[in-house]
Chemist: 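Below you'll find the structure I mean.
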Amino acid sequence: MATTAEDLAREDKLQGLGCSRKRKEDPRFIQGKGTYVDDVKLPGMLFADMVRSPYAHARIKSINKDKALALPGVHAVLTAADLKPLNLHWMPTLAGDVQAVLADEKVHLQYQEVAVVIADDRYIAADAVELVEVEYEPLPVLVDPHKALDDDAPILREDIKDKDNAGQGPRKHPNHIFSWEVGEQEATSRAFDEAEVVVKEEIYYPRVHPSPLETCGCVASFDKVKGSLMVYITSQAPHIVRTVVSMLSGLPESKVRIISPDIGGGFGNKVGIYPGYVTAIVASIVLGRPVKWVEDRMEHLSTTAWARDYYMTGELAADKNGRIKGLRVNVLADHGAFNSHAQPTKWPAGFFSICTGSYDIPVAYVKVDGVYTNKAPGGVAYRCSFRVTEAVYVIERMMDVLAQKLGIDRMELRMRNFVKPEQFPYHTALGWELDSGDYHTALTKVLKAVDYEGLIKEQAEKRSKGELMGIGVTTFTEVVGAGPSRNCDILGVGMFDSAEIRVHPTGSVIARMGTISQGQGHQTTYAQIIASELGIPSDEIQIEEGDTDTAPYGLGTYGSRSTPVGGAATAMAARKIHDKARKIAAHLLEASENDLEWDIDRFKVKGVPGAEKTMKEIAWAAYNRPPEGLEPGLEAVNYYDPPNFTYPFGAYLCVVDIDKYTGEVKVRRFYALDDCGTRINPMIIEGQIHGGLNEGFAVAMGQELPFDAEGNILGNTFMDYFIPTTMETPHWETDYTVTPSPHHPLGAKGVAESPHVGSIPCFTSAVVNAFAHKGVTHMNMPHTSFRVWQKIHELSLDKRE
Amino acid sequence: MAKHNISFKLNGQQVNALVESRELLVHVIREQCGQTGTHIGCETSHCGVCTVDLNGESVKSCTVLAVQADGSEVMTVEGLAQNGVLHAVQEAFMQEHGLQCGFCTPGMLIRAYRFLQENPNPTEEEIRWGLSGNLCRCTGYQNIIKAVKVAAEKMQSV
Amino acid sequence: MIPGKFEYHIPTTVDEVVALLGEYGDEAKILAGGHSLLPMMKLRFAEPAHLIDISRIGEIKGIHEQGGTVRIGAMTTENELIASELLQQKCPLIPAVARLIADPQVRNRGTIGGDIAHGDPGNDHPAAMMALDATFVLRGPNGEREVPANGFFLGTYWTDLQQGEIMTEIRVPPFTSGTGYGFNKLKRKTGDFATAASTVVLKLNGNTCADIRITLTNVGPTAFRADEAENILRGQVISEALIEQAAQQVMAVCEPAKDLRGDEEYKTHMAAEMTRRSIRDALARAKG
C-alpha cells in the first residue's frame, strides 16, 4: 500500500489495476489504421460470393453453372457436389449436429448457401451469382415450432431422419433435437401442489440478432508449396477455429494459422463457423490463391447466428408472504434448420438453469425441448453467457407476476427472497454454486438513488389522471466465465484460457492470451493486471491476441469469460514470474527470500533501508546473471482452469412514460448498478455497461427477426432491424458495489454482458408496470409502439371522453 | 460499358482512378486508393460507417457512385490529423472513451468533424441530432456525445 | 450488394436530360440524390441500362421567390431546404418536413424533386406539396408543363410524370398572414419512413377556419388529401369536437398496407392521431 507521495507516484506510473487507463487500441482506430478482415488484401486475392436459396424449404432439382463460368473473371463455381469428394459438403456444429456447407439436395432455410462463386473481384462475383441457374421444387414449410412435432409436420432433416439422437440425447420425432431436464420434477410438483399461491405466465423471447456493425468474413490463403493455410477471420474463438479447420481439412493443426485481426464487434455472433468461411478455405485450397469472403448485411441478418427464440412457460409457487417455494419452467426452443447452437458441449440449453436468479428457491425443475424449423440455424448467446439472458428474463418476469398476484411491492418481494450475504457460497436448486453476492445492499442503494417512494407517488398521481407511467426493476444474477473444464468443453476442448508473459532483459513485456478483443479493450486492461502484479508500467507491456501461431491456446472471448478466465490466467502467469523474480532478487540482495517484501515495483529487504531491487533490475539479472540452478530468462505461461464460474449481479431500475395515443415508450430514466467484483478499469467498465444497456434497449424495444408463413425472413436490413440511433437511445446512469469473487485471483467477475442481460427484463418490467393497475401481468417483446398501442387499445385506454 | 477516368482529391492528394459506372465510392477509396479507414456496414445507407466528407458535406459513400466524385474533394478519417497532430475530435474520442471496437469510429469522427463546422457550439440534443446518421453498437453513444462536446469546447477555446 | 452494370451519363443542362431520356426511353433512369434508387439497384430490384445523373445541372438547384411564388429547384437537397431562410419565412412547413426525413448525411444527397418524383407513398414531400397546393414544373420533349400537386400522384411509384419528362421545379404559394401548418410524423426510429404522417395547412379568418388542407403519408397507395375531413372544418371555428370528427373522417379514408411498422388498424388510428396533432399545431401557429 502506497503511503508517501513518492510511493503514490510510483504506483500511478504503473497504471495498474483499478485505474481508468486510456485505451491503447484507440490511436489506430481513430486514425483509420485498424485492420479488419475486409481491409486485408493479399496478392492475387479472389472474391467469393454466395448463390442463396429464395425458398425456405425446397428440393434442388438442378444447378447449371455454365453461364456463370462463362463470365470473364470467374474462376470457379462450387456446389455441394464439388465438396462431396472432399467430404466437406457438411460440417459438424458445436452442438453435435451437422450443418450443410452448401445445400446438399435440399435447402432448409431462405438464403441458405447453394453455391459459391469465385471471381476476380466482388463486382464480377456478384454478377456471376445472378447467372447461376438453380431449379427448385418447393416443399411444405415449417415455420411455427409449436407444429414441429405434429404427426403431419413436414420432415426437415432427411439426412438424420432415422437417427434417434441428433447429438444431444434421445429424440422423439424427426424434427425433435433434444429434451433437457434439470432439477427435481416430483419435488417441484409437490411444492406447487402444496403452495398457497401459484402463478404461471407464457413468455416468448423473440428471435433477435446481435448484428455487429462489421459483418462476418474471412480471407483464406493456402500456400501450395508449404502446404500451409492462413486464414484471417472474424472469429471470437480463433484457436477453436484452427482445431476445427484442421479436423475438416486434414491439414495438421501446425500448418493452419488463424488470425483474428481487429473485429468490428461480435456480441456472440462471431463464435460459430459459417459456410462462407469453409467455402473460402476450400476455394483457396483448390485454386491455390487467397480468397476473400465478406457477407453483406442481408446475408448477415438472414443466415448467421441469431439468439433466443424461446417459448417459455414460467411458474412460481409461494406462500402468502411471498416466500418462494418452487420454480418450474418449460421451454420450447426453436433452433432453426441445423442445431448449430454455440454452447459448451454438455449444455444443450446453455446455462438456462441459472433461472433461479438471485433468489433462495428450495426446489426447481426445468425442461427444454429443442426443435427444427425452416429458419436460420443457431443460436448463440447475444451479449450474454449461454442462454443466461432467457433465464434471467423468465425469473425476473415471474417475480413481477408473483408480486402483482400477492399485492406485495416488487422490491419488497425481491428483498424477502434474495439469497442472503451469509448464505454464500449458495447452492441453487438447479446445481449452481453462487460464489458471492450482496443483493440487498445493491437494491437498497438503487431505490435510494432514484427516490423510489417518490416515483411510486408520482405514478399514482399519473394513473389518477389516466396517464401511463411504468417503473421497471430487475435484480439479476448472471453466470459467466465458462468454465471449469470438468463440465465445460467445446468439441472436447476444456474451457480453460491462457496467458503467456515474457519479460525482456530491459524490463518491458510482451504478453499473449488465448482470448480475443472485439472492443473490450484487452490491450489496455490485461496490461493493467500485469503492471500491478509485476511492478512494470502498463505502457511498457504489449498485449497481443488472435494469432494462433503466436498466442497460447485459448477458447476465446464470449460469455464474459475474458476477465474471469483469461484475466485469471494473466494474473497467475504474472505470479509465476513474480515468484521467480523473488528468487533472483534474494540472490542479488544476498538475502533470504523470506526476508524480502514486495513494494509496488521492487523487492526490499525488510528493515534494511536502501536494500532493494526493482523489477527492471531483476529482469536484467534474469538474462545476465541468474542465480545458480535457476534457468535464465523471465517468462511464464498459465493455462487457467477456473474452479467455478463467477456470478456478477446488479440492480436496475427504469422509468418509462407511454404516449397512450401512439404507444410510444419514452425511457425517462435508467439507473444501473452493477457488481462485477474487483474493477480493473472503471472507464472501460462504464463504457461496456453503456453499450450493454443500449443493446438491451434495442432488444426490448424493437429487435426481432420475423418470418412469414412461407418462411421468408422479414426485416433483414437496417431499414427494419432496429439498431437505435443517438435519437432513440436514452441517457444511462451507472453505479456500482464491489463484492469480489472469492475464487478468482483478482476477485474480478466479468461485466460486459450484465447490462444486456439485466436491462432487457427491466424494460419489459417498466412497460408492463405501466399497465399493471389494469391487471396486465406480461407483454411480449419487442415493445414497439405498435405492440404497446395494441395493449392500450385492447384496454380502451386511448378512448377520448 | 465504358470505364471512366476519374480524378479527385483524397485527403489533399490528387488521385486518379479508372472505374466502372457502377463502382461505389467506398470501394474505390478502400480498394483502389488503399485507404481502408472508411468501412462498410449496412450497404443501404443506414449505418453511416462509410461516412466521408464530399465537398464539405457528410455523405454515405456506399450510396455514392465513384464517378460522381469526379473533380471533387473527399476527406476521410485518414485526413483528419494534420502534420502528425491529431484533430480535436480524435483526441476527444480517446479521452472520453468514445469508441470500443472501432468499426463505426472513422465514420463517426468524420461526421463529428463536419458537424462541428456546421454547429461549433452544440447542445447535447443538437449533437444527438447531428450524429443520428451514424450507428454504434458498442458505446451506447453516451461517451461519443461527451467526446463531441469536449471537442467543441476545445475547438472554441483555441 | 453490388448494382448491375449501366451506362452513366452526366448532362449539365435539362435539355440534354430530355434528349437522353428520349434516346434511351424506359432503359433510362434519372439519378437525383440516389438514396432510393441506388439501394434498389444494389438489391437488383432496379437494373436500368442508363443512369442519368442530374447533380451537375445548375438550373434546377436553389430556392428563390419569383412572381409571387416560392420556386424550389428539383435538385435542392433536404439540408438546403432546412437551411433556407426564405423557406423559413415564406413556407416553414417544408423545412419542418425535411428535418424529419432520413438522417444528416442522407439529407445532403436526397432532393425534394427526387422525393416527389419517386412516387413512394412513404416519402414525405408529396403530402406537404398537396397541403401547400404546390405545382410542379415538368420538362419533356414537348416542352414544359405545369401540373398541380393535387392529382400528380396516381399510385405507388406511379405519377403523372410521363416517360421522357423530368421534374425541374416546385412552385409553392407563400404563406399569408393567418396561415398555420402542422406536420406530425410517427416513425419507429431515425431514418425510417412514416408509420403514418399528417400534414395540415390552414388559414384563419378571425377565429374561423377560412381554408384547410389535410394530407396523409404512407396510409394509402399514394399520399392523399382528406377532403371530407377538411370539409368538416372549413368555415368553422375549430373546436376539439370538430377535430375529433375530422380525425374520425380521416380514419374512414385510410387504406394502409400492413407491414412491420404495424397493421391496418394501427396505421389508421395513427393517421387520425397525427391529424389531430397537426390540426392543433396548425391552429396554434395560425393564431401566432
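The sequence lines fix the lettering, A, B, ..., with proteins before strands; numbering per chain opens at 1. Keep in mind that this is a model prediction, so the values were computed, not measured.
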Chemist: Kindly indicate, with the supporting measurements, whether the criterion side-chain contact (heavy atoms from CB on, under 4.5 Å) is fulfilled by Thr63(B) and Gln105(C).
Modeler: CA-CA 10 Å; Thr63(B) 309; Gln105(C) 290 94 314; over 6 Å; no
Chemist: How far does OG1 of Thr77(C) sit from CD of Glu57(B), to the nearest 0.5 angstrom?
Modeler: 6.0 Å
Chemist: Non-hydrogen contacts under 4.5 angstrom with chain C: give the residues of residues 17-25 of chain B involved, or none if there are none.
Modeler: Glu20(B), Ser21(B), Arg22(B), Leu24(B)
Chemist: What part of Asp53(C) lies closer than 4.5 angstrom to a heavy atom of chain B: side chain, backbone, both or neither?
Modeler: side chain
Chemist: Can you find a heavy atom in the side chain of Leu65(B) that is under 4.5 Å from one in the side chain of Leu31(C)?
Modeler: yes
Chemist: Below 4.5 Å from any heavy atom of chain B, which atoms of Arg56(C) appear? Answer side chain, backbone, both or neither.
Modeler: side chain
Chemist: So with a 6.0 Å cut-off around CD of Gln13(B), is the heavy-atom count from everything else above 12?
Modeler: no
Chemist: So for Arg114(B), is it side chain, backbone, both, or neither that comes closer than 4.5 Å to the heavy atoms of chain C?
Modeler: neither
Chemist: What parts of residues 123-137 of chain B touch chain C if we use heavy atoms and a cut-off under 4.5 Å?
Modeler: Trp129(B), Gly130(B), Ser132(B), Gly133(B), Asn134(B)
Chemist: Would you say Lys90(C) has more than 12 foreign heavy atoms packed within less than 6.0 Å of its NZ?
Modeler: no
Chemist: How about Lys29(C): does its NZ atom have over 12 heavy atoms from other parts shown lying under 6.0 Å from it?
Modeler: no
Chemist: Contact part of Leu37(C) toward chain B, heavy-atom cut-off under 4.5 Å: side chain, backbone, both or neither?
Modeler: neither
Chemist: Can you list the residues of residues 34-46 of chain B that sit under 4.5 Å from chain C, counting heavy atoms only?
Modeler: Cys42(B), Glu43(B), Thr44(B), Ser45(B), His46(B)
Chemist: Should we say atom NZ of Lys3(B) is surrounded by more than 12 heavy atoms from elsewhere, each under 6.0 Å from it?
Modeler: yes
Chemist: Looking at CD of Gln68(B) and CG of Leu38(C), how far apart are the two atoms once the value is rounded to the nearest 0.5 Å?
Modeler: 6.5 Å
Chemist: With only heavy atoms counted, which part of Ile10(C) is less than 4.5 Å from chain B, the side chain, the backbone, both or neither?
Modeler: neither
Chemist: Under 4.5 Å, counting heavy-atom pairs only, tell me which of Arg107(C), Met40(C), Lys5(C), Glu7(C) racks up the most with chain B.
Modeler: Lys5(C)
Chemist: To the nearest 0.5 angstrom, please state how far the CG atom of Asn79(C) sits from the CD atom of Glu118(B).
Modeler: 7.0 Å
Chemist: Using a 6.0 Å cut-off, check whether atom NZ of Lys9(B) has over 12 heavy atoms from anything other than its own residue.
Modeler: no
Chemist: Heavy atoms under 4.5 Å from chain C: which residues of residues 94-108 of chain B carry them?
Modeler: none
Chemist: Nearest 0.5 angstrom please: His35(C) NE2 to Lys60(B) NZ, how far?
Modeler: 7.0 Å
Chemist: For the candidates Gly33(C), Pro39(C), Gly4(C), which exhibits the highest count of non-hydrogen atom pairs separated by less than 4.5 Å from chain B?
Modeler: Gly4(C)
